[in-house]
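Before any comments, here is the structure.
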Amino acid sequence: MQTYPSKYGHALEIGHLIGGEEIFEGSLLERRNPADVADLVARFPQGSKETLRKAAQVAQKAFQEWSRTPAPVRGGVLANLAQVLLREKSTLVRLMVREVGKTFKEAGGDVQEAIDTAIFFASEGRRLYGQTVPSEMKNKELFTFRRPLGVVGMITAGNFPIAVPSWKLIPAVLAGNTVVWKPSEDASALAYLFVKLFEEAGLPPGVINLVHGGGKNATGQWLVELMDEGLLQKFAFTGSTAVGRWIGEVAGRNLLRPTLELGGKNPLVVLRDADLELAVEGAWWSAFATGGQRCTSAGNIIVEAPIYEAFKKRFLERTEATVVGNPIEHPTGLTYGPFMNQRLFERWLEHYTWGREDGATLLFGQGRITAANPYPRFKGDPEVGLFGWPTVWEARPGMRQFEQEIFGPTINLVRVEGLDEAIQVANAHPYGLSSAVYTNRRDWAYRFKNEIKAGMTSINNSTVGAEAHLPFGGVRASGNGARESGIWVIEEYTYWQAVNEEYSGRLQLAQMDTGYAQPKAPTDWARVLGDSS
Ligand code: UN1
């Protein structure tokens, strides 16, 4: 690594990390602070297919030793990692604010989620339980063991640049796998630092290998294609549904079960008896936390008619109080910062056209924040990054902005008549990641919880902010049913080996030599009891 002075700290020139060595292969890409383009954050090479192959071979070799390392010892590395991450938390947070434009508070949450995950899985090394199972034969025992899969290919998004990779890397290595990781090109410096901190924690070289680069027609795509060369035994991906479908196809033809955490269009329902202030606060945070750039961000706020106007008024007041700006210069008080990248900004800008064409009503917001289009509660220079007005619409099912994930600061209010319509509208989109309902009626919450199609449901809480030890994931277009976090993710990084051991010294045939009791001739109990009816 080399460092150069930059506007808000050093610019890092970083390589791939393969087998504990830093390798510069490929033309250099750069990452600038999305809140201020004058701040160069990192330069990194774009990995080629050859670089990736080398990384996969190194990972394959490291697997021999790492998979044989006792699980409690592997867990010990994660206990160290939790300490190292805690020690470096403020450094990681500041780099995250510079590299992806999160607020300090949210960056702190992101790093904390990785610390929590490391703590959880450190002790999992002392469990990683299998079972003892009774045999149908005498003198025979049955067992199950969890075994690691091998080399895992990983691609992660930039919006949770430490937390989401930690959900994959930590359980994968705890279970004894090794990894080739291609992080988002929006977060290469954080990925580099994260891998370095794993090394400091005592992870042997080659267990996690980092290869930088872009996605489409680039490093990410080529990593997926390594499945066709038999170099990967598992793939884990967080990103768009379109890319996830393709990864699923490649994995499928190689008989691999991928982990696919994809998009969302998460509904938040407010029923007529809800605590209005609580619902407004939760809806506002679900819409605008991280500038809407979370897969758990709310997509539609569905409000029952009797409270619709009151909710709308309070929600618009809350939205007007949203503070947007350059987070590195304004460490407190901001709701959100810039768009992470140009692509997300353009998609968000396009939805204004969708809204106009599809007949939605714009209640608040007017596109990009610039000097000529100032937003009253903006802090910083809006010209040096891509910043968006918090945007609120009235929309209906069937409109593009109702159905499609936008990943920016925008939200739809949707008016419904009653609980039945609320649930129907809440399901009227292709996704199924997160969901929320605000009500104090337990029977209404019960119905919502049962009838909503989503992997995650909040009752009287926002759609975002899942805790690090509950299963995270979705149904329908939000994923393939794989779950991350907590004990559930272990299924994704292990296979079950069933073992039987025979002590009889004979070949006992299951099913055929089993000493099942034979039923006797039946007694006519009704006749014995004199029951003639
Ligand atoms: C994501 O946006 O990919 O539940 C993950 C949440 C965070 C994680 C979001 N803990 O909102």
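Bear in mind the structure is a predicted one, so any value in this text is a computation, not a measurement. Atoms within a ligand are numbered from 1 in the order they appear, just like the ligands themselves.
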Pairs where residues 460-470 contributes a residue and the test salt bridge (charged side-chain N to carboxylate O under 4.0 Å, His left out) is met, not counting sequence neighbours: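 Not a single pair qualifies under salt bridge (charged side-chain N to carboxylate O under 4.0 Å, His left out).
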Can any side-chain N or O of D39 pair as donor or acceptor with the backbone N or O of N33 at less than 3.5 Å? no
What are the atom names and distances for all N or O pairs under 3.5 Å between ligand 1 and the protein?
unit_1: ligand 1; atom_1: 2 (O); unit_2: N159; atom_2: ND2; d: 3.2
unit_1: ligand 1; atom_1: 2 (O); unit_2: C295; atom_2: N; d: 2.8
unit_1: ligand 1; atom_1: 4 (O); unit_2: G465; atom_2: N; d: 3.1
unit_1: ligand 1; atom_1: 4 (O); unit_2: A466; atom_2: N; d: 2.7
unit_1: ligand 1; atom_1: 10 (N); unit_2: E113; atom_2: OE1; d: 3.0
unit_1: ligand 1; atom_1: 10 (N); unit_2: E113; atom_2: OE2; d: 3.1
unit_1: ligand 1; atom_1: 10 (N); unit_2: A466; atom_2: O; d: 3.4
unit_1: ligand 1; atom_1: 11 (O); unit_2: R294; atom_2: NH1; d: 2.8
unit_1: ligand 1; atom_1: 11 (O); unit_2: T296; atom_2: OG1; d: 2.7
unit_1: ligand 1; atom_1: 11 (O); unit_2: G465; atom_2: N; d: 2.9

Are K234 and Y493 in a cation-pi setup, meaning NZ or CZ lies under 6.0 angstrom from the ring centre and within 45 degrees of the ring axis? yes
Residues which pass side chain to side chain donor-acceptor pair (under 3.5 Å) with N341, listed by chain and number, not counting sequence neighbours: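 So N341 forms a side chain to side chain donor-acceptor pair (under 3.5 Å) with D186.
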With sequence neighbours excluded, tell me which residues meet side chain to side chain donor-acceptor pair (under 3.5 Å) with K312.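 Counting only residues at least two positions away or on another chain, K312 forms a side chain to side chain donor-acceptor pair (under 3.5 Å) with E394.
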Is the gap between the ring centers of W284 and F315 under 6.0 Å? no
